Every structure is written in structure tokens, then in C-alpha cells.
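Only a predicted model underlies this, so the values are computations on that prediction, with no experimental measurement involved. Residue numbers start from 1 in every chain, and the chains themselves are labelled A, B, ... in the order their sequence lines are given, proteins ahead of strands.
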Amino acid sequence: MYALIDGNNFYVSCERVFRPSLQGRPVIVLSNNDGCAIARSNEAKALGIKMGSPWFQIRHLEEEAGLVALSANFCLYGDMSDRMMGLAAGLGPTQEIYSIDESFVGLDGVRGNLVERAHRIRARILVWTGIPCGIGIGSTKTLAKLANHIAKTAERKPGSYPSELAQVCDLSALPPEELDAVLAATEVGEVWGVGRKIGAQLNDAGVRTVLDLVRSDPATIRRRWGVVLERTVRELQGLPCIGLDDAPAPKKEIACTRSFGRPLTDLVPLIEAVSEFAGRAAEKLRKQDGQAGQVLVFAHTSPHRPGPRFHRSVIVPLRRPSADTPALVRAAVAGVHQLFQPGYALIKAGVILLDLTPASRVQHELSLEDDAPDHGRARLMRAMDTLNGRYGRGTVHSASTGLDDANRAWGMRQERRTPNYTTRWAEVPVARA
DNA sequence: TCTGGGGTCCTAGGACCC
DNA sequence: TCTGGGGTCCTAGGACCC
């Protein structure tokens with residue numbers, strides 16, 4: 001038996017904790033560069049704002065409907081997530097943190113009334129962190145996900161489902177006829193693993209509701225759509241196929257990619273940006289104690305704007321695996337030189353570290369060159385990571401990222417970011433009696 | 001003016017091996 | 001006339017997730 005706990009409209013809820021005046025109002029959080037909506041309060045959803053709606057298309061709602069838009073503050077969300085996850089873990093013996101706002105909890109061995117227990121945990125998270133959650137319970141992860149969707153929808157849209165399923169929904173506790181009614185009232189596209197494409201194909205094949213999918217034949221599904229969807233069907237039928245992953249494997253690739261605040265046409269700022277991305281990616285790489293064998297660099301023009309298109313990527317192999325920022329930055333910059341062509345308005349670039357191996361696996365060799373591995377380098381990198389962790393990102397960085405941080409041609413637009421309420425002493429809110 | 005970022009898994013096809 | 005069988009590894013592309 002599994003539970004899925006997730007924060008409602010998570011980023012918006014984090015912002016509301018520190019700005020209670022946002023309660024009850026339409027609020028969205030924007031992606032990097034204030035490009036499009038990535039989180040929406042219920043009121044914003046009611047205005048018809050879709051996930052991913054471009055900001056310039058919905059901006060008029062500021063005036064017309066009192067919409068509040070905030071720039072994403074990922075430091076805040078990450079810290080609030082840690083607090084929420086710690087409390088959610090109290091629901092059962094094992095936990096898989098699945099995303100910044102969701103975790104699965106294994107419920108094996110938990111005694112007593114699960115629904116009551118879930119309500120207690122939910123209330124505790126709300127009081128202790130200020131984040132409202134939904135909890136779904138089911139005999140498989142896919143059913144727990146579905147139950148979670150129903151718990152949240154029942155709360156947000158009264159009448160959509162029986163009201164006692166709001167906030168906490170245990171599908172395994174429903175009598176068969178009620179379960180069928182709930183599944184028949186849910187579109188197949190809501191199922192975990194059914195996206196836009198497959199959802200449309202299923203609809204064409206006459207499979208419209210979750211009940212239709214549950215009653216379909218797994219072998220037929222497999223022939224047409226493959227093993228992934230077959231597994232989904234079996235999970236919906238109550239056969240566990242996906243286990244709890246409470247010790248996630250190290251990443252197989254690590255990326256740092258960004259859209260620019262404005263298009264770049266010159267080589268120099270592109271080199272600065274890519275150097276910065278390589279440094280950030282290297283930091284993540286060291287955090288998982290890995291090393292990279294290859295560095296991929298890409299840059300491209302906007303798919304949305306007119307003008308000549310450009311989309312290129314280059315893979316630069318490293319002579320030996322490394323987690324050293326200067327080595328990775330050098331490789332990335334070499335890649336930029338290879339792919340760059342003048343005359344294009346580039347709006348995005350990125351660095352992806354590939355071919356990752358644990359740093360503990362070292363290929364020893366006779367060192368004849370002056371860039372041979374050196375334990376002094378590793379200590380230098382650790383010192384850099386510590387400084388940046390303590391005093392803030394960018395305290396120490398490669399000179400090739402440019403020295404004038406404020407005037408970077410490629411900097412992100414973030415005009416509406418809230419303070420780091422919980423992670424920077426200088427920005428902690430002050431309570432007055 | 002103007003549309004995010006970071007991942008995973010599966011499959012098909014080709015190269016290559018014995 | 002006409003060319004096996006079985007396997008691995010790699011890559012690119014597609015679909016999905018949040």
C-alpha cells in the first residue's frame with residue numbers, strides 16, 4: 001500500500017506562507033525569465049490560465065482580474081520542500097521523494113485507520129509549514145497518484161467527486177461500485193504515464209475514462225503502445241509493478257541550461273554564459289561525488305521568433321573523467337568555439353555532463369602532462385563549493401563567466417522575485433508584536 | 001518585446017562480434 | 001539457384017514526468 005503526498009499549487013503555496021495577503025487571490029509563479037506560468041493558485045486556474053501559458057498572453061489579467069505574478073524563487077521552494085518532506089515521512093516507514101513537492105510513502109506495517117492517520121499528518125504539515133497538501137492512498141503507486149488527483153480535485157471542485165474524498169482519498173477503501181463510479185468520472189489523461197499523445201490515441205480507440213483503461217486488455221495495450229503503458233494498466237488493476245525507490249541512483253547526466261534575458265549574437269557573452277553553466281553543472285556533479293567523461297554544449301535560436309534558425313550541439317570528450325570546474329569549463333568553451341556561427345539571435349544555451357561515473361573509480365595512469373589529476377585540485381573544488389554554499393552562489397567562480405555580474409548581457413529577467421525568507425539571514429522576515 | 005528547466009525510460013536500427 | 005543465428009552495445013528520437 002502506498003500514499004502520495006503533494007503540496008497543492010506548491011510554489012504558490014510557498015509564496016503565500018510569507019505573504020498571507022495572497023490568500024484567496026489569483027496568483028501564479030513564472031518560469032525563469034518570467035516567461036510562462038509554472039504554478040497557479042486555484043483562483044488563477046479558475047481564470048483559465050493554463051500550465052505553461054506565456055506571460056505576455058495573460059499579462060492583461062493583472063489589471064483586469066487582480067492577478068499577481070511572481071518570479072520563481074527556487075531557494076525558497078527547495079527549503080520549504082525539505083520541511084514538508086520531513087513531516088510527510090511520518091506517514092509510514094519508507095519514503096521516496098519523487099519531486100520537489102511530491103513524495104510516495106510506503107505504508108506496509110502501518111496499523112490503524114489510514115485515512116485518519118493521513119488527515120493528522122496533513123493537518124500537521126499545514127500548521128507547521130503553512131503548506132496545504134493532498135494525500136492519495138492506493139495499493140500501487142499509480143493508484144496512489146490517481147487517488148491524490150481525486151483528493152485535490154474533490155477539494156477544488158465541489159461536486160466533481162464525493163466530498164468525503166477531498167484532501168485525503170483512499171481508493172483501496174472504496175466499495176467496488178463506488179470505485180467504478182469514481183474511475184468512470186476521471187479522464188484517462190489524468191493517469192500517471194498517460195500524456196498528451198497517448199491520451200489522444202486512447203481516446204481515438206474509445207478509451208476515454210480511467211474505468212475504460214482499467215477494463216482494457218493488457219496484452220492488447222502492449223502490442224499497440226508498449227510495455228510502459230501495459231505496466232500502467234496492470235498497476236491500475238492493482239498489480240504492483242513499480243516499487244518504492246527510497247535510495248535514488250546517482251544521476252546519469254547533469255544539465256544546466258538557460259534561456260537568456262535577451263538574444264545573444266556575439267561569441268563573448270555566449271562563452272560567459274556557457275562557462276557559468278559548466279561551473280554550475282560541475283558543482284552538482286561534485287555533490288553526487290561523480291565525474292564526467294564528456295561535455296555536451298548546445299545553443300539555439302527561438303522556435304517562436306522569425307529569422308534564421310540555428311540549433312547545434314557538440315560533444316567534447318575529456319581525456320580523462322573529471323569533476324574539476326576549470327577542466328569542464330575549458331571543454332565547454334572549446335565546444336562553443338566549435339559550434340558558434342555569427343549572425344544568429346541565440347536565446348538559449350546549455351551544458352550537459354555525460355558519461356558520469358563515481359569519482360571513486362579512478363583510472364590510474366602514468367602522469368606525463370601537467371594537467372594530471374591532482375588531489376590539490378579536489379581540495380580546491382571542495383573549498384569553492386563550501387564558500388559558495390555559505391556566502392551565496394557566485395562568491396567564487398571562473399573568470400570566464402565575466403566579472404561584471406550585474407551587466408551580463410545574458411542574465412535572466414526576474415523582475416518579481418520575493419526574498420529568500422528562509423535561507424538568507426538578511427532576508428528573514430521580522431515579526432513585530 | 002514576448003513561450004522553463006531537468007530529468008528518466010523505452011524502442012528501433014545499425015555496427016559489430018563470434 | 002543463392003548467403004545463419006544469436007547476441008551486445010551504442011545512439012537518436014520519442015514519450016513521459018514534475
>> Is A:K251 close enough to B:dT8 that one of its side-chain N or O atoms is under 4.0 Å from OP1 or OP2 there?
In response: no

> Looking only at side chains, do A:T418 and A:N73 share a donor and an acceptor under 3.5 Å apart?
Replying inline: yes

> Any side-chain N or O of A:K145 less than 4.0 Å from the OP1 or OP2 oxygen of C:dC18?
Replying inline: yes

>> Can you measure A:K348 atom NZ to B:dG6 atom C1' for me and round it to whole angstrom units?
In response: 9 Å

> When the nearest nucleotide of DNA chain B is assigned to A:F56 and to A:R222 on a heavy-atom basis, which residue is associated with the more 5' position?
Replying inline: A:F56

>> For A:R16, is there an ion pair with A:E43 - N to carboxylate O distance below 4.0 angstrom?
In response: yes

> Taking atom C1' of C:dC18 as reference, at what distance in whole Å does atom OH of A:Y77 sit?
Replying inline: 15 Å

> Should A:R305 be listed as having a side-chain N or O under 4.0 Å from OP1 or OP2 of B:dT3?
Replying inline: yes

> Counting only Watson-Crick or G-U wobble pairs whose two distances fall under 3.5 Å, which nucleotide matches C:dG5?
Replying inline: B:dC18

>> Given C:dC18, B:dG4, B:dG5, identify the nucleotide with an atom nearest to the side chain of A:S99.
In response: C:dC18

>> Under a 3.5 Å distance rule, please check whether A:S81 uses its side chain to pair with a backbone N or O of A:I100 as donor and acceptor.
In response: yes

>> So if I take every side-chain heavy atom of A:I254 and compare against B:dG7, C:dC18, B:dC9, which nucleotide ends up nearest?
In response: B:dG7

>> Please report the distance, rounded to the nearest Å, between NZ in A:K141 and P in C:dC16.
In response: 19 Å

> Does the distance from a Lys or Arg side-chain N to an Asp or Glu carboxylate O, for A:R231 and A:E235, drop under 4.0 Å?
Replying inline: no

>> Between P on C:dC17 and CG on A:L4, what's the gap in Å once rounded to a whole number?
In response: 14 Å

> NZ of A:K287 versus P of B:dG7: gap in Å, rounded?
Replying inline: 12 Å

> What nucleotide, of B:dG4, B:dC10, B:dC2, holds the atom closest to the side chain of A:S31?
Replying inline: B:dG4

> How long is the line joining CZ of A:R231 and P of C:dA15, in whole Å?
Replying inline: 17 Å

> Do any side-chain nitrogens or oxygens of A:S53 fall under 4.0 Å of OP1 or OP2 in B:dT3?
Replying inline: no

> Of the nucleotides B:dG5, C:dC18, B:dT3, which one has an atom closest to the side chain of A:T257?
Replying inline: B:dG5

>> Nearest to the side chain of A:K284, heavy atoms from C-beta on, is which of B:dT11, B:dG6, B:dC9?
In response: B:dG6

>> On the nucleotide B:dT3, are OP1 or OP2 found under 4.0 Å from the side-chain N or O atoms that A:S259 carries?
In response: no

> Is any side-chain N of the basic residue among A:E155 and A:K152 closer than 4.0 Å to the acidic one's carboxylate O?
Replying inline: no

> Picking from B:dC9, C:dC18, B:dG4, which would you name as closest to the side chain of A:I38?
Replying inline: B:dG4

> Expressed in angstrom and rounded to an integer, what is the separation of A:Q288 atom CD from B:dG6 atom P?
Replying inline: 15 Å

> What nucleotide among B:dG5, C:dC16, B:dC9 has an atom nearest to a side-chain atom of A:N32?
Replying inline: B:dG5

